[in-house]
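Sequence positions, counted from 1, serve as the residue numbers for this chain. Atoms within each ligand, like the ligands themselves, are counted from 1 in listed order.
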Amino acid sequence: MRNILLVEDEPSIADNIVYALKTEGFTPTWCQTGRDALERLAGETFALVILDVGLPDMNGFDVCRKIRTISNVPVVFVTARKDEIDRVVGLEIGADDYVVKPFTPRELTARIRAILRRSEGSSPTAQPIAAAVFAVDEERCEIRYHGTPLQLSRYEFRLLKVLIQKPGRVYSRERLMELAWEEPDTALDRTVDAHIKTLRAKLRAVRDDEDPIRTHRGLGYSLKE
Ligand code: CA
């Protein structure tokens, strides 16, 4: 994926960056405010975000913190002042790198390529599967996985919904039955296992390189974090 979100309020700087990105084969999307950037990120997927610290509506640090609540997308800060670097580096705001103005477009694209190599280099199974890959639509009783709606039975839907709500938490079979079944007393341990099995097959049909459900021997199941 080559989509890059550029958040920069100065048109002359943005023009240069957009031009450099296109030359390197990237597809840049430019916006001028933090608010616009967050709206874009909520609706689209980007490979990386270039984020100016000094924006007209909010500062880049706050934008980055907000981004981190919804996405693990790499963030590169663009800052006009050297003394801001300490904040970028020192504060744990989840940025991946920074460049200081004035910088050459080549300097920036080199950083971007390095970050993307890093994030693409790690194996798919080693990457954390954020709950963000799932989207639960309560009203339609529908769960989307990587944007694809899953065709789930009632209990598959309920089971997966329980797991998605707390990624990393291990649920025993008994607990899953209590949370997902209407009459848990009549269900059996192996009923949960059977539903997990069909659920996994449906998830694999969408992405065969991922298995987001973990089995904990003797304990139960969890969703990978
Ligand atoms: Ca600015």
According to the interplanar angle, ranging from 0 to 90°, do the rings of Trp181 and Tyr155 count as parallel (below 30°), tilted (30 to 60°) or perpendicular (above 60°)?
parallel

For the side chain of [X] and the backbone of [Y], is there at least one donor-acceptor N/O pair under 3.5 Å apart?
{"X": "Lys22", "Y": "Pro28", "answer": "no"}
{"X": "Arg2", "Y": "Glu24", "answer": "yes"}
{"X": "Arg68", "Y": "Ser71", "answer": "yes"}

Passing candidate, side-chain contact (heavy atoms from CB on, under 4.5 Å) with Val63, options Val7, Leu51, Leu41:
Leu51

Tell me how many protein N, O or S atoms are within a distance shorter than 3.0 Å of the Ca ion (ligand 1).
3

Considering only NZ, NE, NH1 and NH2 on the basic side and carboxylate oxygens on the acidic side, decide whether Asp193 and Arg190 come within less than 4.0 Å.
no

